[in-house]
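Single-structure report; data block below.
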Amino acid sequence: MEVQALLITFREVLEALLIIGIITTYLKRTGNPKYTKYVWLGAGLAVLASIGVAILFQVVFTGFAAMGSEIYLKIGIMVVSTVLLTQMVFWMASHSKDLKGNMEGKMNKFISTGNIIGMVIHSFLVVLREGIETVFFFAAITGGNIGAAMQGWGAITGTIIAVVVSYMFFKGTMKVKLKTFFQITGAFIILIAAGLLVQAISMMQDINLIGSVMYHVYDITWLLPEHPIDHAHYLRDHGVAPLLSGDVGIFLKALFGYSSMPSIEEVIAYIGYFTAIYLFTSSRSSKVKAAENKKAEKQVNVLNPQVK
């Protein structure tokens with residue numbers, strides 16, 4: 001859980017700080033530093049609102065637990081989080097190039113019209129989006145105990161790293177490009193999303209919400225049990241311990257959705273998820289290359305009208 005919380009918090013906090021940093025840097029560069037306080041005001045209000053959302057979410061989850069229906073809410077949260085995590089990775093990948101221009105364009109409009117309220121609302125919505133996503137993801141990785149994730153070392157460490165990285169970025173001392181950071185963390189977050197999807201399917205099968213054609217495609221408990229209890233049971237039944245500890249299995253299950261005895265539906269969903277990611281990425285790369293080639297061709301035609 002803590003590693004998941006670290007990665008998620010790092011991504012969300014870094015995205016929010018980058019956008020706020022781009023805005024405030026632009027305001028200072030254009031001679032409008034007096035407006036930066038309104039940007040930070042909006043960001044601060046968004047943080048408070050995100051905490052309020054977390055509290056409200058916890059109250060709702062507790063209510064479902066009291067009715068004995070928390071398992072359905074957990075499943076729903078995991079499925080939705082899978083979609084949101086995937087969308088988050090691709091959104092940043094597609095908007096990172098023009099993010100700076102978009103933010104500066106919006107600020108320029110606010111400055112020219114003297115729209116201070118617009119600045120506050122804009123920064124508020126930018127940070128609130130990241131805050132709500134974080135709350136939702138924390139609920140998914142902890143099974144609803146958002147407070148545990150917020151107070152754990154993972155979230156705290158992720159926040160600190162994000163602050164340091166953003167500070168180094170805007171001070172110009174960071175040698176590694178942010179694109180590299182997003183690619184690396186994006187890869188891990190995709191793995192987390194796939195794990196949440198598989199865990200949601202497993203939970204639906206546990207409560208017989210859906211069936212299975214084959215409940216256990218293979219059994220590698222002898223190699224790596226997915227829980228210390230499974231480790232103890234295997235030792236009791238076979239007289240020998242599995243090669244690897246159940247503590248490793250529970251870590252991998254929490255992080256990537258590992259299962260020592262997956263159903264055929266879990267295997268298909270896991271492979272299908274990565275297949276869909278690959279196909280989508282390949283298709284988008286082809287479109288980007290085609291657009292770049294078309295743009296380059298137009299530039300050549302403009303510079304050399306006789307070239308056809």
Go through the steps for Phe274 and Tyr270 under the test ring pair (Phe, Tyr, Trp, His ring centres under 6.0 Å), then give the verdict. CA-CA 7 Å; Phe274 288 110; Tyr270 201 77; 5.0 Å; yes
Are the ring centres of Phe138 and Phe57 closer than 6.0 Å? no
Listed partners of Thr275 passing side-chain hydrogen bond (donor to acceptor under 3.5 Å, both in side chains), at least two apart: none
What closest approach, in Å, do Ala241 and Leu235 show between heavy atoms, and which atom pair accounts for it? N-CD1, 3.5 Å
With sequence neighbours excluded, tell me which residues meet side-chain contact (heavy atoms from CB on, under 4.5 Å) with Leu252. Leu224, Val248, Phe256, Tyr258
Begin with the C-alpha distance, continue with both residues' side-chain angles, and end with the deciding distance and a verdict on side-chain contact (heavy atoms from CB on, under 4.5 Å) for Lys106 and Met119. CA-CA 9 Å; Lys106 290 180 180 179; Met119 291 183 186; over 6 Å; no
Taking side-chain contact (heavy atoms from CB on, under 4.5 Å) as the test, write out the residues that go with Val217, two or more places apart. Met214, Ile264, Val267
By salt bridge (charged side-chain N to carboxylate O under 4.0 Å, His left out), Arg29 pairs with (sequence neighbours left out) Glu104
Which pairs count as ring pair (Phe, Tyr, Trp, His ring centres under 6.0 Å) when at least one residue sits in residues 212-235, sequence neighbours excluded? Tyr234-His238
Applying salt bridge (charged side-chain N to carboxylate O under 4.0 Å, His left out) to Glu12 and not counting sequence neighbours gives none
side-chain contact (heavy atoms from CB on, under 4.5 Å) with Leu27: which residues, sequence neighbours excluded? Ile23, Asn32, Tyr35, Thr36, Val39, Ile111
Can you check whether Thr221 reaches Met261 side chain to side chain, under 4.5 Å on heavy atoms? yes
If we only count heavy atoms from C-beta on, is the Pro242 to Leu223 side-chain gap below 4.5 Å? no
Side chains of residues 130-137: which donor-acceptor partners sit under 3.5 Å, not counting sequence neighbours?
residue: Thr134; atom: OG1; partner: Glu130; partner atom: O; Å: 2.8

Those residues at least two apart in sequence (or on a different chain) that pass ring pair (Phe, Tyr, Trp, His ring centres under 6.0 Å) with Tyr38 are none
No-hydrogen, no-angle side-chain donor-acceptor test under 3.5 Å, Thr113 and Asn115: no
Enumerate the residue pairs fulfilling salt bridge (charged side-chain N to carboxylate O under 4.0 Å, His left out) with a member in residues 248-262, sequence neighbours excluded, ordered by first and then second residue. Glu226-Lys253
side-chain hydrogen bond (donor to acceptor under 3.5 Å, both in side chains) involving Gln199 - partner list, sequence neighbours excluded: none
By side-chain contact (heavy atoms from CB on, under 4.5 Å), Leu209 pairs with (sequence neighbours left out) Tyr72, Met204, Ile207
Between Glu266 and Ser263, does any side-chain donor sit less than 3.5 Å from a side-chain acceptor? yes
Show the numbers, then the answer: is there a side-chain contact (heavy atoms from CB on, under 4.5 Å) between Glu265 and Ile210? CA-CA 10 Å; Glu265 290 77 17; Ile210 61 174; 5.5 Å; no
